[in-house]
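Proteins get letters first, then strands, A, B, ... in listed order; numbering begins at 1 in each. Here the structure is a predicted model, which means the values were calculated and not measured.
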2 protein chains.
Amino acid sequence: MSCYSVLKEKGLRVTLQRRLILDYIHDNKDHITAESIINHVHSKFPQVNKSTIYRTLDLLEKNDCVFKSKSQDKTIYHHAEEGHHHHLVCNRCGKTFDYDEDVLLPVKKKLEKTLGFQINLNHLIMNGLCKECRNLK
Amino acid sequence: MSCYSVLKEKGLRVTLQRRLILDYIHDNKDHITAESIINHVHSKFPQVNKSTIYRTLDLLEKNDCVFKSKSQDKTIYHHAEEGHHHHLVCNRCGKTFDYDEDVLLPVKKKLEKTLGFQINLNHLIMNGLCKECRNLK
DNA sequence: ATTATTATTGCAATCTGGTGCAATAAAGAT
DNA sequence: ATCTTTATTGCACCAGATTGCAATAATAAT
């Protein structure tokens with residue numbers, strides 16, 4: 001679990017609270033909401049404060065251990081393994097799907113050429129309808 | 001101002017509060033924050049409640065009169081004229097930039113072919129660094 | 001013009017996410 | 001094993017956004 005060494009390298013401490021949160025995110029390959037993380041931590045240690053959880057999530061994001069994004073109204077987190085930062089989220093069933101980073105490279109290049117704008121693909125979530133849900137209606 | 005007729009058609013009422021908000025959004029071509037909308041309405045009628053404003057914005061979004069999106073931590077609204085739904089938001093200065101819808105069409109088509117996922121381009125905001133801000137650092 | 005209907009509003013309370021600060025505890029030094 | 005340093009936590013509080021409900025007011029019917 002390399003996140004622990006990342007923390008230690010930077011002089012950050014590996015606390016019970018951080019282990020609870022990190023392990024939970026690593027055990028869940030899907031996107032998870034802040035709410036579900038809070039629930040999980042509270043189910044094991046109810047006395048852990050929610051502000052600690054939010055601060056831990058911010059810290060993990062700053063150190064590239066998790067990715068944080070907004071999907072509709074909710075804040076969503078997922079673990080940060082290489083090559084898995086790009087997500088599609090279905091507006092109907094809520095499931096997430098990965099896509100190949102290369103798909104967006106031409107867009108990135110074109111926007112840099114024409115507008116000089118450098119988009120950050122790591123934090124990009126695209127919403128829509130997945131295959132199954134499209135067939136339902 | 002077709003939004004008024006949209007409301008009337010659906011049996012929704014055109015109230016002072018809704019006129020204030022609609023007119024303000026129509027007069028502003030840029031993205032505007034919920035905060036600036038609240039400030040504007042309060043500058044004319046301080047007694048209007050903020051929950052009314054949020055509810056009105058949700059209603060206008062549901063009826064396709066405005067678009068609502070998240071940029072970083074803020075909620076952002078803009079009027080819904082055809083061909084202006086696609087935005088880049090700079091993470092440093094907060095300015096917004098439009099881009100041509102066509103840029104993303106190949107991506108949309110590819111994802112539909114390979115994954116069957118139908119992305120909704122209307123609500124897509126991409127974050128990054130604009131030309132000016134890139135040059136600053 | 002007045003009345004009846006019901007969509008809309010204001011209010012109070014709530015929820016999510018975030019902040020300053022004093023108390024606490026992890027990890028290194030002794 | 002104990003002490004010291006200071007990163008981290010819990011607490012209390014705050015801001016933005018949201019909701020249930022009773023009061024209000026926009027529109028249709030008379």
Side-chain angles (χ1 to χ4, degrees), chain A residues 1 3-23 25 31-42 44-63 65-78 94 123, chain B residues 1 3-23 25 31-42 44-63 65-77 94:
Chain A
M1 200 138 304
C3 291
Y4 290 165
S5 35
V6 169
L7 294 181
K8 281 185 181 166
E9 266 173 39
K10 304 200 180 183
L12 299 168
R13 294 173 185 173
V14 178
T15 62
L16 166 72
Q17 292 87 337
R18 287 180 184 173
R19 259 180 282 134
L20 280 169
I21 294 166
L22 258 179
D23 291 352
I25 293 174
H31 286 214
I32 37 183
T33 59
E35 192 192 4
S36 77
I37 296 170
I38 292 172
N39 285 342
H40 171 78
V41 172
H42 277 179
K44 303 218 164 184
F45 292 87
Q47 67 271 39
V48 174
N49 197 275
K50 70 189 164 71
S51 61
T52 300
I53 296 174
Y54 284 115
R55 270 187 294 225
T56 301
L57 289 169
D58 283 348
L59 177 131
L60 293 175
E61 191 203 15
K62 281 199 188 76
N63 289 284
C65 290
V66 306
F67 276 111
K68 178 182 177 178
S69 3
K70 297 259 177 183
S71 171
Q72 285 123 262
D73 47 343
K74 289 176 187 168
T75 308
I76 271 178
Y77 300 86
H78 55 109
H123 296 261
Chain B
M1 199 138 301
C3 291
Y4 289 164
S5 37
V6 169
L7 293 180
K8 279 184 181 166
E9 265 173 40
K10 304 200 179 182
L12 300 168
R13 294 171 186 175
V14 177
T15 62
L16 167 72
Q17 292 87 337
R18 288 180 182 174
R19 260 180 281 132
L20 279 169
I21 294 165
L22 257 180
D23 291 352
I25 292 173
H31 285 214
I32 38 183
T33 59
E35 192 191 4
S36 77
I37 296 170
I38 292 173
N39 286 341
H40 171 79
V41 172
H42 278 179
K44 304 218 165 186
F45 292 87
Q47 66 271 39
V48 175
N49 197 275
K50 69 187 164 71
S51 62
T52 300
I53 296 174
Y54 284 114
R55 271 187 292 222
T56 301
L57 290 169
D58 283 349
L59 178 132
L60 293 175
E61 191 203 14
K62 280 199 188 75
N63 289 283
C65 290
V66 307
F67 277 113
K68 177 183 179 179
S69 0
K70 296 259 177 184
S71 169
Q72 285 124 264
D73 45 345
K74 290 174 186 170
T75 308
I76 271 178
Y77 300 86

S.K.: So which nucleotide from C:dG10, D:dT18, C:dT5 ends up closest to the side chain of B:Gln17?
M.R.: C:dG10
S.K.: Is there a donor and acceptor pair closer than 3.5 Å between the side chain of A:Arg55 and the base of D:dG10?
M.R.: yes
S.K.: Within less than 4.0 Å of OP1 or OP2 of C:dG17, is there a side-chain N or O belonging to A:Tyr54?
M.R.: yes
S.K.: Check this for me: does the side-chain of B:Lys50 come within 3.5 Å of the base of C:dG10 through a donor and an acceptor?
M.R.: no
S.K.: Which nucleotide in the set C:dT8, C:dA27, C:dT9 lies at the smallest distance from any side-chain heavy atom of A:Arg13?
M.R.: C:dA27
S.K.: At 4.0 Å (heavy atoms only), tell me whether B:Thr15 reaches a base, stays on the sugar-phosphate, or touches nothing.
M.R.: sugar-phosphate
S.K.: Regarding B:Arg18, tell me which of base, sugar-phosphate or nothing describes its non-hydrogen contacts under 4.0 Å with the strands shown.
M.R.: sugar-phosphate
S.K.: Rounded to the nearest Å, what distance is computed from the CD atom of residue A:Glu9 to the C1' atom of nucleotide C:dG28?
M.R.: 17 Å
S.K.: If you take all heavy atoms of B:Lys10 and B:Asn63, which pair is closest and at what distance?
M.R.: NZ-OD1, 2.9 Å
S.K.: Can you tell me which nucleotide in D:dT18, C:dT9, D:dA7 comes closest to the side chain of A:Leu12?
M.R.: D:dA7
S.K.: Starting at atom CG of B:Leu22, determine the distance to atom P of C:dT8, rounded to an integer number of angstrom.
M.R.: 13 Å
S.K.: Take atom NZ of B:Lys10 and atom P of D:dA28, then tell me their distance rounded to the nearest Å.
M.R.: 17 Å
S.K.: Work out which heavy atom in B:Tyr4 is nearest to a heavy atom in B:Asp23; give both atom names and the distance.
M.R.: OH-OD1, 2.8 Å
S.K.: Please give, in whole Å, the distance from D:dT9 P to A:Leu7 CG?
M.R.: 11 Å
S.K.: Tell me which nucleotide among D:dG10, C:dT16, C:dG10 gets nearest to the side chain of A:Ser51.
M.R.: D:dG10
S.K.: Just how far, in rounded Å, is C1' of D:dA26 from OH of B:Tyr4?
M.R.: 15 Å
S.K.: Given that A:Leu59 and B:Ala34 both sit by DNA chain D, which one's nearest nucleotide is further toward the 5' end?
M.R.: A:Leu59
S.K.: Just the rounded figure in Å: distance from C1' of D:dT9 to CZ of A:Phe45.
M.R.: 15 Å
S.K.: Given A:Glu35, which of A:Thr33, A:Ile37, A:Ile38 fulfils the side chain to side chain contact (heavy atoms under 4.5 Å, CB included) condition?
M.R.: A:Thr33
S.K.: Work out which heavy atom in B:Arg13 is nearest to a heavy atom in B:Arg18; give both atom names and the distance.
M.R.: O-NH1, 2.9 Å
S.K.: What is the distance, to the nearest angstrom, from the CD1 atom on B:Ile53 to the C1' atom on D:dT18?
M.R.: 14 Å
S.K.: Do B:Val41 and B:Gln17 have side chains that get closer than 4.5 Å, going by heavy atoms?
M.R.: no
S.K.: Take atom NZ of B:Lys62 and atom P of C:dA7, then tell me their distance rounded to the nearest Å.
M.R.: 15 Å
S.K.: Given D:dT18, D:dG16, D:dG10, identify the nucleotide with an atom nearest to the side chain of A:Val48.
M.R.: D:dG10
